[in-house]
Amino acid sequence: MPKIRIQDFHLEHTLLCGQLFRVTRQDDWYHIIVRDRILKIRQRFDCLEFHGVSKEFLLHYFALDEPYIAILTQINKDPYIDNAIKKYHGLRIIRQDPWECVISFLCSSAANIPKITLNLELLSSLFGKRIRLNKFEGYAFPNPGDLNSYQGILMAKTGFRAGYIKTANELVTEEFLQSLRKLSYSEAKKALKNIPGIGDKIADCILLFSLGFSEAFPIDIWIRRVLQEVYFKNRLISDKHLRDFGTNYFGKYAGYAQQFLYMFVRNSILKSDRRTQEGLGKVISKDRTLF
DNA sequence: CGTCAGGTAGCCA
DNA sequence: TGGCTACCTGAC
């Protein structure tokens, strides 16, 4: 089993911060399905043990070639995010497969992580080929063009998203997705938003998690809450304004800041007792007293 | 059982 | 640009 030593990397934070969905855990091992490969991996301190992919693939996939400490320095603008960065040190934004990322986030609208995972597993089992790594069996993610039955897509329990998935399957090619890398952030985003079902948030997720646009700052419900509470003192701010604030305030690597804030606010809310919650504002206020 | 969930499109002011 | 709502369906 190949091993590598790494620094400033936390496997669990990276896998469980909501950026990817096809991950399963078995004891201290994780299995990740990336298109048609299965990656088996575990971390022990500064050592990664892995199987199923090459070392080069691994380093690229987990973005271990990025200047991590420099990135953290750039986004560390205030005590609140400093706290989040310290708590989740080693969280990386990985380089997902763009096509799988498009479909994943089309499934994400008005859903939750368990449901998105279910949709992706069903789509894979209905349209993808069976794959195996030793005893671990699963289904490869279908290729562009393979999600060609509306009924099948519906059977994956995708609901109102089925039409979007069908159309994306007809519109999107690998070449199209790769061509986005050559464009500016705003041009690439505009091109993605031409696909029905992809709006600002989903486009930003695709750009950030799979196409290397680290300045993308997706505004989801959690980020909206934490920005409004912490940075705007509960004033109601439009998503467009919040997005502009995020990219301007955190800069070139705003997407990393987004991910740290997401983890920080989400986990502190999940850990608090829902029965005694009177509102999210109160919970986030509690959060602020942490620093 | 009701409500809600990583949003978007379409429609209106 | 901003505000509103329908939309499928599994989780909680």
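Quick note on labels: first sequence line is chain A, next is B, and so on, each numbered from 1.
In this structure, the nucleotide among C:dG10, B:dG7, C:dC12 sitting nearest to the side chain of A:Pro114 is C:dC12.
For A:Tyr68, the ring-ring contact (aromatic ring centres under 6.0 Å, His included) test picks out A:His89, with sequence neighbours left out. Checked against ring-ring contact (aromatic ring centres under 6.0 Å, His included), A:Tyr61 has the following partners two or more places apart in sequence or in another chain: A:Phe57.
Residue A:Leu118 is classed as a sugar-phosphate contact, given heavy-atom separations below 4.0 Å to backbone atoms only. A:Ile198 comes within 4.0 angstrom of the backbone, heavy atoms only, and of no base. Within the 4.0 angstrom heavy-atom criterion, base atoms lie near A:Gln19.
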Q: Check the pair A:Arg243 / A:Asp239 against salt bridge (charged side-chain N to carboxylate O under 4.0 Å, His left out), numbers first and verdict last.
A: CA-CA 6 Å; A:Arg243 204 160 40 244; A:Asp239 285 357; 5.5 Å; no
Q) Given A:Arg181 and A:Gln178, is the side chain to side chain donor-acceptor pair (under 3.5 Å) satisfied, shown in steps? A) CA-CA 6 Å; A:Arg181 296 183 193 274; A:Gln178 292 308 323; 2.7 Å; yes
Q) Which dot-bracket string fits DNA chain B when only Watson-Crick or G-U wobble pairs with both atom distances under 3.5 Å count, crossing pairs get [ ], and | stands for a partner on a different strand? A) .||||.|||||||
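Following rounding to the nearest Å, A:Asp204 (CG) and B:dT8 (C1') show an atom-to-atom distance of 14 Å. Distance A:Leu192 CG to B:dG7 P: 18 Å, rounded to the nearest Å. Atom CG in A:Asp239 sits roughly 13 Å away from atom P in C:dC4 (whole-Å rounding). Atom CG of A:Asn119 and atom P of C:dG10 are 9 Å apart (whole Å). Atom-to-atom, CZ of A:Arg266 to C1' of B:dC4 comes out at 13 Å; the value is rounded to the nearest Å. Between A:Phe21 atom CZ and B:dA5 atom C1' there is a gap of 13 Å when expressed in whole angstrom units. Distance A:Leu122 CG to C:dA11 C1': 15 Å, rounded to the nearest Å. One atom, CD1 of A:Ile221, and another, P of B:dT8, lie 13 Å apart when rounded to the nearest Å.
Between C:dC8 and B:dC11, the two P atoms lie 16 Å apart (nearest whole Å). Rounded to whole Å, the P atom of B:dT3 lies 15 Å from the corresponding atom of C:dT5.
For A:Phe62 and A:Phe50, the distance between ring centers is not under 6.0 angstrom.
Comparing A:Asp220 and A:Pro196 by the nucleotide of DNA chain B that holds the closest heavy atom to each, the one mapping nearer the 5' end is A:Asp220.
Sorted by first and then second residue, the pairs that involve residues 8-20 of chain A and meet salt bridge (charged side-chain N to carboxylate O under 4.0 Å, His left out), not counting sequence neighbours, are A:Glu12-A:Arg25. Counting only residues at least two apart or on different chains, the salt bridge (charged side-chain N to carboxylate O under 4.0 Å, His left out) pairs with a member in residues 120-134 of chain A are A:Arg22-A:Glu121, A:Arg130-A:Glu137. Within the structure, side chain to side chain donor-acceptor pair (under 3.5 Å) contacts touching residues 142-162 of chain A (residues at least two apart or in different chains) are A:Arg35-A:Asn143. The salt bridge (charged side-chain N to carboxylate O under 4.0 Å, His left out) pairs that include a residue from residues 186-195 of chain A are A:Lys189-A:Asp200, A:Lys189-A:Asp204, A:Lys193-A:Asp200, where partners are two or more places apart or lie in different chains.
A:Trp29 belongs to a hydrophobic cluster with A:Met1, counting contacts under 4.5 Å between side-chain heavy atoms of Ile, Leu, Val, Met, Phe, Trp and Tyr, direct or through other members. Taking a 4.5 Å side-chain heavy-atom cut-off between Ile, Leu, Val, Met, Phe, Trp and Tyr, the cluster of A:Leu118 extends to A:Leu122.
DNA chain B lies under 4.0 Å from at least one heavy atom of each of the following residues of residues 106-113 of chain A: A:Ser108, A:Ser109, A:Ala110, A:Ala111, A:Asn112, A:Ile113. Near DNA chain C, defined here as any heavy-atom distance below 4.0 Å, the residues from residues 157-165 of chain A are A:Lys157, A:Gly159, A:Phe160, A:Arg161, listed numerically.
Residues A:Leu48 and A:Pro2 have side chains not in contact (no heavy-atom distance under 4.5 Å, counting atoms from C-beta outward).
Using cut-offs of 30° and 60° on the angle between ring planes, the pair A:His31 and A:Phe136 is parallel. A parallel orientation is assigned to the rings of A:His10 and A:His13, their planes being inclined by less than 30° (bins at 30° and 60°).
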Nucleotides 1-3 of chain C: which of its N/O atoms have a protein N/O under 3.5 Å away?
none

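A donor-acceptor contact closer than 3.5 angstrom links the side chains of A:Glu229 and A:Asn234.
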